[in-house]
Amino acid sequence: MSAPAYPLAIIGAGALGLHFAARLATQGPVALLARSDAAAARLRAGIQVGSILYRPDAFGPEAVIRAEWVIVLVKAGDTAAAARRSRSLAPQGVVSLQNGLTEPLLRASCGDLPAGQGITTEGAWRDANGIHPSGAGETLLPPGFEAVAEALEAAGFQARVEPEIAAARLAKLLVNVAINPLAALFRVPNGALLEEHYRRLLDALVAEAWPVLRAAGLALDEADALARVYEVARATGANRASMLQDVEAGRPTEIDAITGALLALAKAQGLALPTHQALYTLIRQLAPHF
Ligand SMILES: NC(=O)c1ccc[n+]([C@@H]2O[C@H](COP(=O)([O-])OP(=O)(O)OC[C@H]3O[C@@H](n4cnc5c(N)ncnc54)[C@H](OP(=O)(O)O)[C@@H]3O)[C@@H](O)[C@H]2O)c1
């Protein structure tokens with residue numbers, strides 16, 4: 001019997017993977033690849049995603065299936081394993097929508113397969129009751145992933161291919177290096193970071209990160225960079241950043257793919273970023289890491 005073939009597969013049946021899969025599945029078949037057979041079996045029995053009881057075509061790590069396109073939605077530290085799983089699906093391409101800078105590792109682990117990293121401001125969180133989508137966002141994909149953008153749009157997501165995807169990734173990284181570690185360290189929702197005593201640190205983080213990211217291809221001037229960070233903190237004021245949720249749950253954080261990636265860029269430019277370095281060290285003390 002030949003392996004089942006899907007137009008789309010999602011690797012990572014967590015908050016965002018299930019949010020995307022449940023909506024995409026309203027338009028066509030989607031394979032959802034879970035970390036274990038037990039997790040796949042639980043998912044097949046049904047999981048609440050927003051108002052939908054979703055019964056995914058969920059598969060464990062050894063299932064033999066094919067997929068034309070793969071979306072990676074595991075946490076950054078699981079990127080290499082997800083890339084290896086992607087290769088077994090023999091797709092046309094693999095695209096990550098993770099936070100942090102995971103494209104180099106994804107590409108290295110995908111071998112000859114076309115692989116790239118997009119960004120998304122879709123949001124979702126999970127608890128014992130299921131998955132809770134937390135508001136619509138926008139998804140930008142690297143050139144070459146037009147078919148994925150079309151599938152997302154058909155399912156009602158705001159999605160498009162972004163020719164300047166590297167600059168867009170750096171703008172997202174800027175927001176993440178400023179908000180995530182601070183929110184996680186002080187255990188406050190994003191909006192609190194605009195209060196005077198936190199804001200001085202937020203400003204320092206942007207001031208240190210901006211020259212490094214600008215030299216790497218960020219397309220924002222310094223004032224716009226700061227305004228972007230404030231705007232996201234304001235717009236997501238009641239949200240608890242994913243790094244904060246990870247710290248509270250005792251899960252590994254994505255500090256290496258976020259602040260660690262910035263520190264690596266700075267090192268390559270011969271620069272030291274003392275405030276980011278301090279937060280990096282503190283978050284790694286606070287929580288397990290990959
Ligand atoms: N949630 C959001 O609102 C949001 C928004 C924008 C971007 N992102 C980014 O999207 C990515 C996913 O975030 P998330 O919140 O969805 O994380 P999550 O809820 O932790 O989901 C990740 C899922 O991937 C599974 N996984 C790990 N390794 C795997 C493997 N080798 N094969 C198959 N499944 C595997 C995990 O299984 P276990 O549970 O067994 O570990 C978990 O179910 C992160 O990079 C995050 O920063 C998230």
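Both ligands and their constituent atoms are indexed starting at 1 by order of listing. Here, residue 1 is the first one in the sequence, and each next residue gets the next number.
- With a 4.0 Å cut-off on non-hydrogen atoms, Ala34 touches ligand 1 through its backbone and not its side chain.
- Only the backbone of Leu33 comes within 4.0 Å of ligand 1, counting heavy atoms alone; no side-chain atom from C-beta on gets that close.
- Between the side chain of Arg126 and the backbone N or O of Gly14, no donor-acceptor pair lies under 3.5 Å.
- Looking at ligand 1, you'll find an N or O of Arg35 within less than 3.5 Å of one of its N or O atoms.
- Two residues are said to be in side-chain contact when any heavy atoms from C-beta on lie closer than 4.5 Å; Pro252 and Asp246 fail this criterion.
- If you run side chain to side chain contact (heavy atoms under 4.5 Å, CB included) between Val177 and each of Leu273, Leu279, Leu262, Ile255, only Leu262 comes through.
- Cluster annotation: Ile10 is not connected to Ile65 through the hydrophobic network of ILVMFWY side chains, with a link wherever side-chain heavy atoms come within less than 4.5 Å.
- The shortest N or O to N or O distance between Gly123 and ligand 1 is not under 3.5 Å.
- In terms of modelled atom types and a separation under 3.5 Å, the side chain of Gln117 and the main chain of Thr102 share a donor-acceptor contact.
- For atom 13 (O) of ligand 1, the nearest non-hydrogen atom of the protein is Lys75 CE, 4.0 Å.
- Both Phe20 and Leu43 sit in one connected hydrophobic cluster of ILVMFWY residues. Membership requires side-chain heavy atoms under 4.5 Å apart, directly or through other members.
- When hydrogens are left out, the protein atom nearest atom 11 (C) of ligand 1 is Val74 O, 3.6 Å; that is the closest non-hydrogen contact.
- Counting protein heavy atoms only, atom 16 (O) of ligand 1 is closest to Leu16 N, 2.8 Å.
- At under 3.5 Å, not a single nitrogen or oxygen of Ala81, backbone or side chain, sits near a nitrogen or oxygen of ligand 1.
- Here the side chain of Gln98 pairs a donor or acceptor atom with the backbone of Val74 at under 3.5 angstrom.
- For atom 15 (O) of ligand 1, the closest heavy atom belonging to the protein is Ala15 CB, 3.8 Å.
- Of the polar atoms of Arg126, at least one N or O is found under 3.5 Å from an N or O of ligand 1, judged by distance alone.
- The shortest distance between side-chain heavy atoms of Pro143 and Ile165 falls below 4.5 Å.
- Of the polar atoms of Asn99, at least one N or O is found under 3.5 Å from an N or O of ligand 1, judged by distance alone.
- The shortest contact between atom 23 (C) of ligand 1 and any protein heavy atom is with Gly14 N, 3.6 Å.
- Ligand 1 places these atoms under 4.0 Å from at least one heavy atom of Gln98: 45 (O).
- The single protein non-hydrogen atom nearest to atom 12 (C) of ligand 1 is Leu73 O, 3.5 Å, given as residue, atom name and distance.
- In this structure, Glu138 pairs ionically with Arg160, as a charged nitrogen and a carboxylate oxygen lie closer than 4.0 Å.
- Under 4.0 Å from ligand 1, the heavy atoms of Ala13 that appear belong solely to its backbone.
- Atom 32 (N) of ligand 1 has as its closest protein heavy atom Ile11 CG2, 3.9 Å.
- If you look at Glu122 next to ligand 1, the close heavy atoms, those under 4.0 Å, all belong to the backbone.
- Counting heavy atoms under 4.0 Å from ligand 1, residue Asp78 touches it through the side chain alone.
- Salt-bridge check for Glu196 with Arg199: passed, with a basic side-chain N closer than 4.0 Å to an acidic carboxylate O.
- Scanning the protein for heavy atoms near atom 45 (O) of ligand 1, the closest one is Glu254 OE2, 2.7 Å.
- In the hydrophobic cluster analysis, where Ile, Leu, Val, Met, Phe, Trp and Tyr join through side-chain heavy atoms closer than 4.5 angstrom, Val72 is grouped apart from Leu140.
- Between Tyr198 and the options Leu185, Val188, Asp203, a side chain to side chain contact (heavy atoms under 4.5 Å, CB included) holds for only Val188.
- For Ala76, no nitrogen or oxygen atom sits less than 3.5 Å from a nitrogen or oxygen atom of ligand 1, counting backbone and side chain alike.
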